[in-house]
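Heads up, the thing below is written out as structure tokens.
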There are 2 protein chains.
Amino acid sequence: MAHGIVDVARAAGVSTATVSRALRGLPNVTAATRERVRRAADELGYVPSPSAASLASGRTRTIGLITPWVAHWFFANVIEGAERALRVEDFDALLYTFEVNREVRRMRVDPDVLRRRVDGVLVVGLPLESEEVEALEALEYPLVFVGAGAPGRVTVGLDDVATARTAVAHLADLGHRAIAHLSGEPDDCLPWSPAVRRAQGWRAEMTARGLAVDGLEIHGHFDVAGGRASMHALLDRRPDVTAVFAASDEMAMGAILALRDRGLRVPHDVSVVGVDGHEMGEHLGLTTMVQNAHDQGVTAASMLLEMITGAPVPPEVVFPTVLVERGSTARPHVTKS
Amino acid sequence: MAHGIVDVARAAGVSTATVSRALRGLPNVTAATRERVRRAADELGYVPSPSAASLASGRTRTIGLITPWVAHWFFANVIEGAERALRVEDFDALLYTFEVNREVRRMRVDPDVLRRRVDGVLVVGLPLESEEVEALEALEYPLVFVGAGAPGRVTVGLDDVATARTAVAHLADLGHRAIAHLSGEPDDCLPWSPAVRRAQGWRAEMTARGLAVDGLEIHGHFDVAGGRASMHALLDRRPDVTAVFAASDEMAMGAILALRDRGLRVPHDVSVVGVDGHEMGEHLGLTTMVQNAHDQGVTAASMLLEMITGAPVPPEVVFPTVLVERGSTARPHVTKS
DNA sequence: CTGTTAGCGCCTTCAC
DNA sequence: GTGAAGGCGCTAACAG
């Protein structure tokens, strides 16, 4: 039942080398021979052994997908996109999740588990420290970052600063002046992380418009509960805010819930805008900066594949974000200017 | 830099066979020898080649995780749980996603991509047809199903019938009589799929209580948009419903949005209960039958590992669901009994 | 265009 | 308890 390349060779009346060439579509094989080999392989139900092929060729046709979580909107979508792009090229995706431990500044990624096992590595949204990135690079595999690049490395992601500025500009153009920002934990935020960049963008746009930022930035967990808690904390100290820019849709939805908790209406009392394009946000009527996580996964995987073949790739691919206005933003009810 | 087992053997002054035994914790190695080998391996930064090990041993220490999507609550959580359980045992998770095409009843899963590549297969929430299951079994790898078992196969999941009955009983006990059910696409629903079983449970409980079910069951996509659309369709033909049991939290949330679209209040006008324990539902105050998807992934992975070692495992593990009452259910406002 | 010949790096009997 | 040797199944030069 488990036939090997020699069985196919015998059945087709050729050598194993020819079988190998024929089946892999390499040149220097007659169409007739190739066809005969194919038929023999089919009839025997031959499937090559990846281990043997890897051992002999040094290539695994597998890439390592490393990520802190799979159960979050951005991550799940990137992973899904990447996996599908890889499968089209007959590459396998090996999944590695790592706890992101806020307490310990330990080495969170042990590159040795990847050694000799993959042809390339895709890092999804893992805000790594320099030393961790260097350890990964020491493996000498092609490396692509999605959603949380590292300076100087091949990256696909957003222009987070511009995204934030557009969101804030939208709010400001509507007439808002006290525009708060809900961001992530400061711990998670290395200088090149999306959270930090979005906060920078918010601050830049506010400043450019002569709007004050003091006391309007608040940090919390990057999820619904975090957004809700942050919004409550914010309202406690700044009941005058009329607009909020949240660094993710999940946080934005949390903010909306907090406002609802207090009997405040959206957008009548407070406008809210997020980032992502989360399905639930769409249904809740959340105005947001939409990004395409799935395609970022596809693109990153494709670039990795290119790098593996030795082809040149751009050092950075920036995906667009587009402002989608839904019901959660409007002109401020009471103008104080 | 890339040292092999022979380098370690030489450095430790032993044979490669001893290195192999020592490093894998096999018996018949002196503690002293083992220690010496370990130290040599460490110093050389030796990492065994998985390909070579697989080729020689016939075992891959890898399991295939096959699933239709990763970007959905249940799937993402099961995958995350399974991957972590596997990594603890030094097993790798190979991710395979398959399009679930509603149009074509084609063979959606090509088992050959798994051949010689894994030691076992975990099927996550893929409602497979008998022939597909048989094709998978033909690989002769240990096989575990999570969330959508097949009759007679090793399965971890819920008692979907009982879960549905509990949800319906909760609604009925509150005094509701016109209790609708939002279910999935009939196409997706093989007899042993969770959607069908939940519908069965709903019908059973309704019937047991002498409540009519005609015109109260509606099918749609298993997500927020689907739930919303289904709820609208339902209200068009049965404006008298006072309660809804949705087969998932996402559908339940969609239903809530539909009710809001029409100016109906939850739970004042209509009570809603879902299934899952989705984070967003928690924040929206959705009453639901909570299940633990993450632990189902952990359990399924552990069982698969047991099966690989030849250990016996129970043919079916049923996870509990618990009714968590939040704000979306209440007594009907107008009693019509 | 096709066959021959070496390995790839490790595991696994089998002797010792 | 340890070593020697023969594969595991395929690929990759070279010849021809």
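- Residues that satisfy the side chain to side chain contact (heavy atoms under 4.5 Å, CB included) test with Ser57(B), not counting sequence neighbours, are Arg59(B).
- The phosphate of dG3(D) (OP1 or OP2) has a side-chain N or O of Thr18(B) nearer than 4.0 angstrom.
- With sequence neighbours excluded, the residues satisfying ring pair (Phe, Tyr, Trp, His ring centres under 6.0 Å) with Phe75(A) are Trp69(A).
- Salt-bridge formation is detected for the pair Asp92(A)/Arg117(B): a Lys NZ or Arg NE/NH1/NH2 atom is positioned less than 4.0 Å from an Asp or Glu carboxylate oxygen.
- A donor and an acceptor atom, one from each side chain of Glu316(A) and Thr155(A), are nowhere located under 3.5 Å apart.
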Nucleotide by nucleotide, nucleotides 9-16 of chain D touches protein heavy atoms under 4.0 Å in the pattern (B base, S sugar-phosphate only, - none) BBSBB---
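- By the 4.5 Å heavy-atom criterion applied to side chains, Phe91(B) and Glu89(B) are counted as neighbours.
- Applying the side-chain hydrogen bond (donor to acceptor under 3.5 Å, both in side chains) test to Thr60(A) and every residue at least two apart in sequence or in another chain returns Asp119(A).
- The salt bridge (Lys or Arg N to Asp or Glu O under 4.0 Å) test applied to Arg39(A) returns Glu35(A), not counting sequence neighbours.
- Of the residues in residues 32-42 of chain A, those placing a heavy atom less than 4.0 Å from an atom of DNA chain C are Thr33(A), in numerical order.
- Partners of Asn77(B) under the side chain to side chain contact (heavy atoms under 4.5 Å, CB included) rule, at least two apart in sequence or in another chain, are Ala71(A), Trp73(B), Ala293(B).
- Every residue meeting the side chain to side chain contact (heavy atoms under 4.5 Å, CB included) condition with Glu134(A), not counting sequence neighbours, appears here in chain and number order: Ser130(A), Arg153(A).
- Applying the salt bridge (Lys or Arg N to Asp or Glu O under 4.0 Å) rule to Asp159(A) yields no partners; only residues at least two apart in sequence or on another chain are considered.
- Put simply, the side chain of Val317(A) reaches to within 4.5 Å of the side chain of Met303(A), judged on heavy atoms.
- Evaluation of the side-chain hydrogen bond (donor to acceptor under 3.5 Å, both in side chains) rule for Gln296(A) yields Gln291(A) as partners, not counting sequence neighbours.
- The outermost nucleotides of DNA chain C lying under 4.0 Å from heavy atoms of chain A, listed 5' to 3', are dC1(C) to dC10(C).
- Inter-axis angle, ends of the helix from dC1(C)-dG16(D) to dC16(C)-dG1(D), five pairs per end, rounded to 10 degrees: 30°.
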